[in-house]
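Note that ligands are numbered from 1 as they come in the structure, with each ligand's atoms numbered from 1 the same way.
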Amino acid sequence: MRIFVHSCCGPCLIGVAETLRREGHEITAFWYNPNVMPYREYRRRRGAFREVCDRLNIKPEVADEYDLPLILGRVLAPAEKPGRCANCYGLRLNETARRVADGGYDAFATTLMISSRQDCDLVRGAAAAASNKHGVPFLDRDFRDVEESSHAAAREMGVHIQGYCGCIYSEEERYRKK
Ligand code: SF4
């Protein structure tokens with residue numbers, strides 16, 4: 001199948017791309033993550049995404065939208081989980097699903113399903129809603145078995161690995177714990 005893979009970052013893309021390719025799928029990696037802040041971190045992650053695509057010869061598609069008013073005003077309006085994350089997954093996966101038919105892909109997937117730090121059931125729900133809305137199939141796959149190897153490969157490549165999920169709330173949650 002031709003699969004359009006929403007990619008939250010480069011390090012998570014590695015394992016998902018290798019898994020899908022091993023199974024014979026053709027993939028295009030899609031960057032659309034306006035939830036990542038602040039801007040310098042957004043730029044670093046976007047750079048890591050591009051570097052992984054270059055190194056693994058993956059075709060990239062980039063929606064380079066850094067939109068603080070959208071994220072702060074709408075997505076992060078509920079400050080707590082799971083409300084804000086449901087909005088955040090919904091925003092990104094809707095945009096992904098919206099592009100599937102136009103791009104001639106058979107289905108979409110997301111690297112969010114590789115991460116033990118993400119709420120995979122919530123991701124699945126947002127993907128199902130996006131799939132219904134745009135009439136395109138979601139490849140519902142749990143990639144968490146390759147999370148560790150994916151990040152190990154990223155370390156070997158020397159690409160930026162983020163320390164927190166993306167929004168300013170997740171940054172605080174991550175570093176307050178230290
Ligand atoms: S914690 Fe992550 S998924 Fe949840 S709103 Fe923040 S950036 Fe989005």
Legend entry - Where ligand 1 meets Tyr89 - atom numbers and elements under 4.0 angstrom, heavy-atom basis: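 Matching atoms, with element in brackets: 3 (S).
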Inset, instruction - May I ask you to test the Leu70-Leu91 pair for a side-chain heavy-atom distance under 4.5 Å? - result: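 Side chain of Leu70 against side chain of Leu91, heavy atoms only: contact under 4.5 Å found.
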Inset, instruction - Could you tell me whether Asp121 and Arg124 make a salt bridge, using a distance below 4.0 angstrom between a side-chain N and a carboxylate O? - result: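 Salt bridge: yes.
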Legend entry - Salt bridge Glu173-Arg84, side-chain N to carboxylate O under 4.0 Å: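 The answer is yes: the pair qualifies as a salt bridge.
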Polar side-chain atom of [X] near backbone of [Y] as donor-acceptor pair, under 3.5 Å:
| X | Y | value |
| --- | --- | --- |
| Ser115 | Leu112 | no |
| Ser131 | Val136 | yes |
| Glu51 | Val159 | no |

Legend entry - Residue pairs passing the ring-ring contact (aromatic ring centres under 6.0 Å, His included) test where at least one lies in residues 76-112, sequence neighbours excluded: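 Only Phe4-Tyr105, Phe108-Phe138 qualify under ring-ring contact (aromatic ring centres under 6.0 Å, His included).
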Inset, instruction - Please indicate how many protein N/O/S atoms are found closer than 2.8 Å to atom 2 (Fe) of ligand 1, with waters neither displayed nor included. - result: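 Number of qualifying protein atoms: 1.
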Inset, instruction - Give a yes/no on ligand 1: does Tyr164 have at least one heavy atom closer than 4.0 angstrom to it? - result: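 Tyr164: no contact with ligand 1 (<4.0 Å).
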